[in-house]
Amino acid sequence: MADPPGGVRFLPEGVLVPLSAGESLLSHALRGGIPLLAPCGGESRCGKCRVVVRGETRGGDDPGILSPGEIAAGVRLACRCIPLGGGVVCVTILPETRPARLAAYIDGKDMGADGPFLPLVRCTAAGNPLGVALDLGTSTLAGALVDLSDGAVLSRAFADNPQMACGEDLISRIVFAEETPGGGEILRSRLLAGVEEVAGRLIDASPVRGEIADVVAAGNTVISHVLYGVSPSSIRRPPYRPVLSEYPAAEGKTLGIGGPMAKARWRIFPSLGGFVGGDVVAGLLASGMHRNEEVSLFFDVGTNGEVVLGNRDWRIACSSSAGPAFEGGEVGCGMRAYPGAVESVRIDRRTAVTEYTVIGGGRPCGLCGSGILDLLAELFRTGIVDRAGRFTPTGRAGRRDTERGEAFVVVTAEESATGRDVVFCEADLKSVVRTKAALCAAAESMLAAVGLPRESVARIYVAGGFGNFLDLRSALTIGLFPPFPPSRFVPLGNASLAGAIAALRNRRRWKEGLSLASGTLYHDLSSDPGFMERYQRSLFLPHTDEESYRAALAMEAGR
Amino acid sequence: MTVSPSIPTFPGRILEVTLPAGPGGSPVVVGGQNALPLLPEGDHPHAPAVGMEIRTGPEELPPALAEVIGPFSGNPAALAQKCVSGWGARFLFLSLSGCNPDAGGQGVQDGAAIVREVLAATATPVIVGGCGDEDVDGRLFPAVAEAATRPVFLSYAEEKNYRLVAGAALAYGHGVVSWSPIDINIAKQINLLLADLGFPGERVLIDPLTGGLGYGLEYTYSIVERVRLAGLSGDAMLARPILCHLGDAWKAREASDASEPGWGDSALRGRRWEEATGLACLAAGADLLVCRHPENVKRLSEAAWR
């Protein structure tokens, strides 16, 4: 097979990314949507982005990370290695370079990391000053420990949000707080326990000891209220306004926090509205879209699915209430991106036999977000599922009847970790289709609200652990996003945490975050008359406007 | 200075669809236009056609209908002949309402037999409607498709049953009516699903669900208009003839309630209610109208001048 000149072919995907002179292999991989581990963000520090290179490159020298044997075998760091023109460079991604999906919760890219190191706290008398950045998610709490003397990230950790026991989503937690005796206090103490758990893990993993002097937390509005000791009840009722949109800085003790963070000064990112919180503000800060003249879209594919559109002059944000299907919720076989989760799926068109990869490489027990996305795309591509998200009756290969109705067998009982079939039923299909429809319709509503055509969007940032690993072709096959050319997507990972780290490192970035919150308009989709129609349009595979998706995918195939 | 009038032109053209007739009958051809209805510009090769509904189940007829079609109750074949030769219906919409378990309880085979009778009694094009019970319709459509002695249209296919209805229609060479609940997006989706099955577009009609005057007609009006504009603007899945079934007009209290003398003659009221609904559908862009009152066949046909 003759390859067109000037490109980088990534194996085993086989995706060819056109050559962009002077850019590293890592940048090429990002542009091509190839998942690659790079916890240091491409700064040649971590040595994780190892690939085997065949073809003409430069930048093979390394900062003392690779062994001579590895170099001789063609192993290079993707962030250092720059392909040269005049031919195709073949890059094989080593299995260990595949992001261990746990990293999904804690790694994020900071696109605006250019400022000086300007921490709020310069030095305290006792020991090394440390800072903690926190991303308080609905289902996961993630944190990073930062050395405030030089800004280095010392450790990263995460823990399940213990509030899960009080309800999977925010509304049910507010209801819990209202209806259970002492519910508000339970919600709060569970959150504090979770936060202290994360802090403990951070300190255990850190090579440097010191005193935590500064904490920056980014969380959704409900969690921020609970953390601040304010009732989130008003968010649930019209007009859905939070009590606070800004949370004045406070000492940990006054917030009720014990342990190593009690004496620290706590800053909580401001909220945009009842359902667009400080996590989105921090994510925006990390995306850097507020510095660009060109218009970008920002997706946070989490439990709520927030969407922000704008540039440096204006921004408009909404929450799509997409639901947790891509977090593993609402789907029978869904799970979080833990070891044992199927992360990518391919289906043989003829035999309906699946091929999949599992986080950690062991036996699978469920599907995480990227696996669910892949599965739906493959089921649709192979004609097992029709455009309406129903199983087609032709040839029932790969399917069987379950107590939840007809279901597709992703992993057979013999191969699974649980000894049971991992199955995906029609209700699961519908749930994923509804989630993707809400997200896509929210983005279209943002564009309609400001009267911009789709073509005017130059960049699409996808935040959330899921965003790092989703297969863009699968996403476009099922219409998760509006039909933008794949080259415009930029995965950010856990952007909220990246934004919190940025604010911790540099007080100007914190101020930037504050002004972002007041300079972004909150758009309430529930009162947007066009939203339901757009939702109905998206409630189809890939979309009722399938022509545009075909064009976007054709562009993808052409590269 | 001469001012040339701006004539709106559209890139698309509505697909021409033929409702086939039996030997000696005249088929109904609709579609083919590239302009909005009732306007002078563009081509309008076929005027909208008006047909009549025949229901097989027992029902309490509104006063306006009782006097004209009441005598034919229980005899669909005779009513079919009267509709065509007596009242000028260009096609028939045979609703097998009698097969609904709640209405008389005719069996699936009884329904199929009635279809055969009606097809034998007249050579005019026929659209066969289901009974509205999902379970029964699942057996009824295949039976009708097999029993029909000449090509008919099956009404209707929606997201839940489209494979079954379209499959039966494909196997025996019939057409289908694609149905959506007053929603342009669902209208397109069901047509895309049919296209995915390989169902030929020239055998598909769009039924956007017609609300009667005062009971949702304005929604239907705007959806019919939007479907037509989308079709003319190049959306192939919506560039199909539209069928408006005016039966809903008779469900309005104003159309049937004889206990309100202050509202005027109930028979005239009912007929007028259906007529007004039909005229609005014509203006919005409907190509086929199904009415129940014989006089409205004439009145609406006259209004459908191009």
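Residue numbering restarts at 1 for every chain, and letters A, B, ... go by the order of the sequence lines.
Using bins of under 30°, 30° to 60° and over 60° for the plane-to-plane angle, the ring pair Tyr240(A)/Phe275(A) lands in the tilted bin.
The part of Glu547(A) that comes within reach of chain B is its side chain, from C-beta onward, which places non-hydrogen atoms under 4.5 angstrom from that chain.
With contacts defined as side-chain heavy-atom distances shorter than 4.5 Å, the pair Ile460(A)/Ser296(A) does not qualify. Between Arg390(A) and Leu429(A) the shortest side-chain heavy-atom distance does not fall below 4.5 Å.
No hydrogens or angles considered: a donor-acceptor pair under 3.5 Å links the side chains of His523(A) and Asp528(A). Arg534(A) and Ser445(A) share a donor-acceptor pair across their side chains, judged by distance under 3.5 Å alone. With 3.5 Å as the limit, one finds a donor-acceptor pair spanning the side chains of Thr477(A) and Arg381(A).
Residues of residues 167-195 of chain B that come closer than 4.5 Å to chain A, counting heavy atoms only, are Asp183(B), Ile184(B), Asn185(B), Ile186(B), Lys188(B), Gln189(B), Leu192(B), Leu193(B), ordered by residue number.
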